[in-house]
Undergrad: 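Before I ask anything, here is the structure I am working with.
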Amino acid sequence: MMLKPEIYAASPCVVAEGPRWNAADKTLYWVDVTGGMYLRHRDGDPSDKFDRVDPGLGKIGALACLGPGKVRLFTSECQVWDCAFGEKPVLRHTLEGHAGRRFNDVWPDAGNIYCGVAREPERPGELWLLKDGVFSCIEPATKGMPNGMGVSPDGRTFYFVVSDERKLYAYDYDRASGRLSNRRVLVGDFAAPGVPDGMTVDPADGTLWVAMWDGGRLEHRDIDGRLIETVSFPMKKVTSAEVVGNRIFVTTGNKEDDAEAYFRATGAGGVFVVERSVR
């Protein structure tokens, strides 16, 4: 059966990214990277009801949920901030030597926080591990934008997208230490149009859902990287996903020009939900 996306939060972001479900308050949280804001939508509320905060920290690459109504923000200047929703953020960590740069996608897992540093024209992308308050470099020079990440349900495999390389990597993962090893290309055949962006791992079966930036689709791949199915969207910029039970929450980006009209026509910049059959 063809899966059909429906609008979940009609929030006209520039680039909505990093959806994170907080089971503690049954709320979806996400960021508007370019707009420098973070948002939330309580499950069951109308699609046009959402909260949005501009904390004045510049671009926000991603967030993590800390508890009911509490978030951790990964921002410009490669800084990490904690706050209750809408309250003044408190600076927790700074990645030294990265002034003028910013975090992109991140993935927290069992005390290990993997942080992508955005690629720039004269600087490669990077992947860092934040553990016990200390940063250590995992990948010092990616050839493209470091993006989506995830961990297999058995905790043995870590996944990492590098967009401009058009590759999805897999690593052996040691959860206790956070160590990654044995990097290999799991998917290197992403077809045009678009490049892989954010991704998530289905906690039920370990399959992968990869958003295609400028590709207008979400790709569902098996644990060996083979394409199972695609879900089409009415806008080009599909940015990331989060699987919660039988629902898939998907963030999207808007056009830089004529954004208001494009949002009205397609919902671009909002969050969508894809309902699956009971599994």
Side-chain angles (χ1 to χ4, degrees), residues 13-18 31-38 54-64 72-81 89 91-107 113-131 134-150 158-171 178 180 183-188 190 192-199 210-215 236-240 251-257 259 269:
C13 297
V14 182
V15 180
E17 257 283 13
V31 302
D32 182 351
V33 178
T34 307
M37 294 179 281
Y38 64 99
D54 180 354
L57 301 175
K59 289 185 177 181
I60 305 174
L63 60 73
R72 175 164 287 169
L73 307 174
F74 298 80
T75 72
S76 295
E77 303 303 319
C78 287
Q79 293 180 325
V80 182
W81 305 76
L91 180 62
R92 296 301 189 194
H93 308 285
T94 300
L95 179 55
E96 299 298 332
H98 285 68
R101 303 194 68 182
R102 71 171 179 88
F103 286 125
N104 197 43
D105 213 341
V106 306
W107 186 260
I113 306 175
Y114 296 90
C115 307
V117 175
R119 182 194 183 202
E120 299 174 353
E122 302 300 323
R123 295 176 176 177
E126 302 169 7
L127 179 64
W128 289 76
L129 168 65
L130 173 59
K131 185 177 180 67
V134 177
F135 283 101
S136 56
C137 190
I138 303 294
E139 297 288 352
T142 66
K143 295 178 182 178
M145 182 67 79
N147 250 308
M149 304 173 223
F158 179 86
Y159 302 101
F160 176 44
V161 168
V162 182
S163 294
D164 308 82
E165 295 182 12
R166 305 179 68 86
K167 291 178 181 176
L168 168 57
Y169 293 99
Y171 302 71
L180 304 181
R183 186 181 80 162
R184 62 268 188 196
V185 176
L186 184 71
V187 184
F190 289 103
V195 297
D197 194 342
M199 63 151 287
V210 184
M212 297 297 292
W213 174 266
D214 277 340
K236 288 186 177 181
K237 300 184 188 304
V238 181
T239 61
S240 195
T251 47
T252 64
N254 208 338
K255 293 173 63 176
E256 294 183 3
D257 60 323

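These figures come from a predicted structure and were not determined experimentally.
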Undergrad: Would Met149 and Leu127 satisfy side chain to side chain contact (heavy atoms under 4.5 Å, CB included), going step by step from the backbone distance to the final call?
TA: CA-CA 11 Å; Met149 304 173 223; Leu127 179 64; 3.9 Å; yes
Undergrad: Counting only N and O atoms by type, is there a donor-acceptor contact under 3.5 Å from the side chain of Arg166 to the main-chain atoms of Pro196?
TA: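 Answer holds: no.
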Undergrad: About how many Å separate CZ of Arg184 and OH of Tyr169, when rounded to the nearest 0.5 Å?
TA: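 Spacing of OH (Tyr169) from CZ (Arg184) equals 13.0 Å.
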Undergrad: Can you spot which of Thr251, Asn147, Thr239 makes a side-chain hydrogen bond (donor to acceptor under 3.5 Å, both in side chains) with Asp197?
TA: Asn147
Undergrad: How many angstroms lie between atom CD of Gln79 and atom CG of Leu73, to the nearest 0.5 angstrom?
TA: 11.5 Å
Undergrad: With Glu139, which residues qualify under salt bridge (Lys or Arg N to Asp or Glu O under 4.0 Å), at least two apart?
TA: Arg183
Undergrad: Distance check, rounded to the nearest 0.5 Å: Met212 atom CE versus Lys237 atom NZ?
TA: 12.5 Å
Undergrad: Could you walk me through whether Val15 and Trp213 pass side chain to side chain contact (heavy atoms under 4.5 Å, CB included), step by step?
TA: CA-CA 11 Å; Val15 180; Trp213 174 266; 4.0 Å; yes
Undergrad: Hey, what do you get for CG (Asp214) to OG (Ser163), rounding to the nearest 0.5 Å?
TA: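 These two atoms lie 10.5 Å from each other.
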Undergrad: Do Arg72 and Ile113 have side chains that approach each other closer than 4.5 Å (heavy atoms only, starting at C-beta)?
TA: yes
Undergrad: Minimum heavy-atom separation for Tyr38 and Leu63, please, with both atom names.
TA: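 In terms of heavy atoms, the two residues are closest at CB-CD2, 3.9 Å.
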Undergrad: For residues Ser76 and Leu57, report the shortest heavy-atom separation together with the two atoms involved.
TA: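 Distance-wise, the nearest heavy atoms are CB-O, 3.8 Å.
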Undergrad: Taking ring-ring contact (aromatic ring centres under 6.0 Å, His included) as the criterion, tell me which of Phe103, Phe135, Trp128 meets it with His98.
TA: Trp128
Undergrad: Check whether any side-chain heavy atom of Phe74 sits under 4.5 Å from a side-chain heavy atom of Cys115, and report yes or no.
TA: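 Phe74 reaches Cys115 side chain to side chain.
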Undergrad: If I compare all heavy atoms of Gly125 with all of Pro146, which pair ends up nearest, and what's the gap?
TA: CA-CD, 4.0 Å
Undergrad: Should the pair Phe160 and Tyr171 be assigned to parallel (<30°), tilted (30 to 60°) or perpendicular (>60°) ring geometry?
TA: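 It falls in the tilted class, 30° to 60°.
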Undergrad: Flag the pair Phe190 / Val195 as yes when at least one side-chain heavy-atom distance between them is below 4.5 Å, and no otherwise.
TA: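 Of all side-chain heavy-atom pairs linking Val195 with Phe190, none is under 4.5 Å.
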Undergrad: Can Tyr114 and Phe158 be said to form a ring-ring contact (aromatic ring centres under 6.0 Å, His included), step by step?
TA: CA-CA 10 Å; Tyr114 296 90; Phe158 179 86; 4.6 Å; yes
Undergrad: Please step through side chain to side chain contact (heavy atoms under 4.5 Å, CB included) for the pair Glu77 and Thr94, ending with a clear verdict.
TA: CA-CA 8 Å; Glu77 303 303 319; Thr94 300; 5.9 Å; no
Undergrad: Which residues satisfy the salt bridge (Lys or Arg N to Asp or Glu O under 4.0 Å) test with Asp164, sequence neighbours excluded?
TA: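 For Asp164, no residue satisfies salt bridge (Lys or Arg N to Asp or Glu O under 4.0 Å) once neighbours in sequence are set aside.
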Undergrad: Looking at residues at least two apart in the chain, or sitting in another chain, which of them share a salt bridge (Lys or Arg N to Asp or Glu O under 4.0 Å) with Glu17?
TA: none
Undergrad: Do you know which two heavy atoms are closest between Ser240 and Met199, and how far apart they sit?
TA: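 Heavy atoms of Ser240 and Met199 come nearest at OG-N, 3.9 Å.
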Undergrad: How close do Thr142 and Glu126 get, heavy atom to heavy atom, and via which atoms?
TA: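 Looking at all heavy atoms of both residues, the shortest contact is OG1-N, 4.0 Å.
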Undergrad: Quick one: closest heavy-atom pair of Asn104 and Ala62, and the distance?
TA: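 Closest pair (atom of Asn104, atom of Ala62, distance): O-CB, 3.6 Å.
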Undergrad: Using a 3.5 Å distance criterion without hydrogens, assess whether the side chain of Thr75 forms a donor-acceptor pair with backbone atoms of Lys59.
TA: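 The answer is no, because no donor-acceptor pair under 3.5 Å joins these two groups.
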